[in-house]
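Notes for the one structure printed next.
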Amino acid sequence: MYQLQQQKTRPQITAHLAQTMNLLVKTVQELGEEINKELAANPALELNEEIRCPQCNRPIPTGGYCPVCTKPKIMSPEETIVFISPRIDFTPQTERNEEVDEPSTIMLEELPVHVFKQIAPDLPVEDREIASFLLNQLDEDGLLITPLSEISEYFHVSMERVLAIQSIIQHADPIGVGSTSPQQALLVQIEMLSETKNIPEFTRLLIEEGFGLICQLKYRELSKKLSIPIQKVKLVGEFIKNNLNPYPARAHWGSVRQPEAFDSQAYTQPDVIISFLNNNEENPLMVEVILPVRGTLQINQLYKKAILEADENKKSDLKAELEKASLFIKCLQQRNNTMQKLLEKIVTLQRDYILHGDMKLRPITRAQLSKELQVHESTISRAVSNKSVRLPNGQIIPMSKFFIRNLNIRALIHEIIENEKKPLSDTAIVELLDKKGIKVARRTVAKYRALDGILPAHMRKKYNK
DNA sequence: CTATGGCACGGATT
DNA sequence: AATCCGTGCCATAG
């Protein structure tokens with residue numbers, strides 16, 4: 001008897017878990033697709049109308065009250081609101097004074113002008129027209145979409161001349177603009193950077209030979225293919241992430257990049273948005289876990305009734321669909337619940353970091369959090385991986401950045417070096433850190449330096465002034 | 001002799 | 001089980 005029951009309930013529970021896990025890994029975009037798929041496939045599932053807050057017109061979660069309008073009055077600035085935000089676009093309802101949210105349109109108009117101003121003096125008058133034409137062929141990433149050959153044909157000039165112009169453009173401010181591919185952009189950047197920074201060996205080779213693989217961080221394969229030690233390949237990967245930008249026109253690149261492919265969705269819609277309530281720094285932090293639908297998923301009531309009147313032999317099929325629908329809803333709720341709990345914890349722990357930057361990042365591990373939240377480690381891992389978060393300052397970071405254990409020290413070293421009067425040797429830096437109560441090996445300092453592409457002490461002096 | 005980079009090992013994390 | 005990360009030891013450059 002008991003056995004039977006076990007066998008009957010078991011598969012359901014695991015199905016539930018499996019689906020929840022499945023949903024947990026998904027980013028907003030993927031989740032959106034999943035929900036739409038389910039919605040289309042299952043008539044028992046429906047999307048009700050979205051509810052908006054009567055005061056601020058913000059789409060609000062199922063419960064009914066608007067987290068933005070109702071809560072702040074009873075909250076102190078140190079507190080945090082975390083909620084699930086059912087919406088697709090993330091343009092703030094309040095004002096339209098946002099220039100951050102529309103980088104592409106602004107860039108499209110501004111970028112060519114911006115670059116042209118820089119290079120015009122270096123160009124003979126006859127070439128300016130070509131340059132300006134070329135600059136208008138850039139996509140929103142700052143890459144050239146028209147083949148150079150077409151341009152040379154169009155103007156009836158030699159390829160060399162076009163190349164020369166392109167080269168000048170590439171060396172202007174967003175270094176690498178006007179390249180024909182992310183690869184080329186990277187190469188130009190390396191060339192420029194090599195004057196002030198230390199480029200790891202093989203960087204060039206890896207970009208030329210294994211660009212695709214590098215993007216996907218297939219270090220293993222790369223090291224086999226080009227027979228380079230895997231350690232070195234990783235170093236190069238790190239370096240590229242930290243110092244180069246394959247899409248010159250995109251802001252917020254720098255140290256902010258993440259494992260995934262370079263063109264991942266991190267730049268479009270973040271999974272979580274952290275901001276000050278009503279953009280006022282006095283207010284509490286507001287954390288929105290984005291749900292990619294308007295409205296709320298629910299069981300179709302008509303469908304429920306229809307079951308009662310249906311043929312006996314069809315009833316079970318219909319019921320199965322109903323089950324599936326309610327399971328899906330449950331799983332989705334659980335996913336949201338987990339995300340919400342997790343974000344609450346993260347924001348509490350990393351508040352200083354969110355407000356004040358890299359140096360305040362606290363070293364925390366997923367394992368710690370999993371204990372505090374009473375969930376399995378892998379749950380946290382899933383929830384964190386592939387997700388992106390938008391900070392109040394507009395930066396979009398991978399969620400995993402909250403768990404980088406040594407970022408604060410790295411930032412500290414960075415700062416020490418920037419404020420140094422005389423170039424400090426690694427050992428000197430170790431001593432400085434030691435006085436601050438941080439004990440690190442000399443070798444480690446060297447490694448961090450290399451990661452950020454900072455030259456060793458004796459090479460640094462010349463470029464500092 | 002000092003400052004750094006290379007390699008590789010072992011413990012922690014995922 | 002796979003990967004990440006700090007470190008120690010050694011080689012090399014200046």
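Every chain is numbered from 1, with letters handed out A, B, ... down the list of sequences.
- Among the atoms of the strands shown, only primed sugar atoms or phosphate atoms (P, OP1, OP2) are found under 4.0 Å from some heavy atom of A/Arg405.
- Across all strands, A/Thr444 comes closer than 4.0 Å to base atoms (heavy-atom distances).
- Remark on DNA chain B: of its neighbouring residues A/Lys447 and A/Arg442, the 5'-side contact belongs to A/Arg442, judged by nearest-heavy-atom nucleotide.
- Summarising the geometry, the separation between CD1 on A/Ile429 and P on B/dA3 is reported as 12 Å, rounded to the nearest angstrom.
- At the heavy-atom level, A/Arg449 lies under 4.0 Å from the strands shown only through sugar-phosphate atoms.
- For A/Asn22 and A/Lys26, the side-chain atoms include at least one donor-acceptor pair closer than 3.5 Å.
- Within the structure, a side-chain polar atom (N or O) of A/Asn406 is placed less than 4.0 Å from OP1 or OP2 of C/dG6.
- Taking atom CD1 on A/Ile409 and atom P on C/dG6, their separation rounds to 8 Å, with Å as the unit.
- The nucleotide whose nearest atom lies closest to any side-chain atom of A/His458 is, among B/dA3, B/dT14, B/dG5, B/dA3.
- Rounded to whole Å, atom P of C/dC5 lies 8 Å from atom CZ of A/Arg410.
- Residue A/Leu235 contributes atom CG, which lies 17 Å from atom P of C/dT3 at whole-angstrom precision.
- Considering all non-hydrogen atoms of both residues, A/Met286 and A/Phe83 come closest at CG-CE2, 3.5 Å.
- For the pair A/Ile417 CD1 and B/dA3 C1', the computed distance is 14 Å after rounding to whole Å.
- With rounding to whole Å, A/Lys387 atom NZ is found 15 Å from B/dT14 atom C1'.
- How far OH of A/Tyr448 is from CZ of A/Arg410: 7.0 Å, rounded to the nearest 0.5 Å.
- Checked by distance alone, A/Arg443 brings a side-chain donor or acceptor within 3.5 Å of a matching partner on the base of B/dG6.
- Nucleotide C/dG6 holds its C1' atom 16 Å from the CG atom of A/Leu407, rounded to whole Å.
- Crowding of A/Lys341 atom NZ: a count of heavy atoms from other residues, nucleotides or ligands under 6.0 Å exceeding 12.
- Remark: the A/Ser425 side chain and the A/Arg442 side chain contain no N/O donor-acceptor pair separated by less than 3.5 Å.
- When rounded to the nearest whole Å, the span between CD1 of A/Ile404 and P of B/dT14 equals 12 Å.
- An OP1 or OP2 oxygen of C/dC5 is reached within less than 4.0 angstrom by no side-chain nitrogen or oxygen of A/Tyr448.
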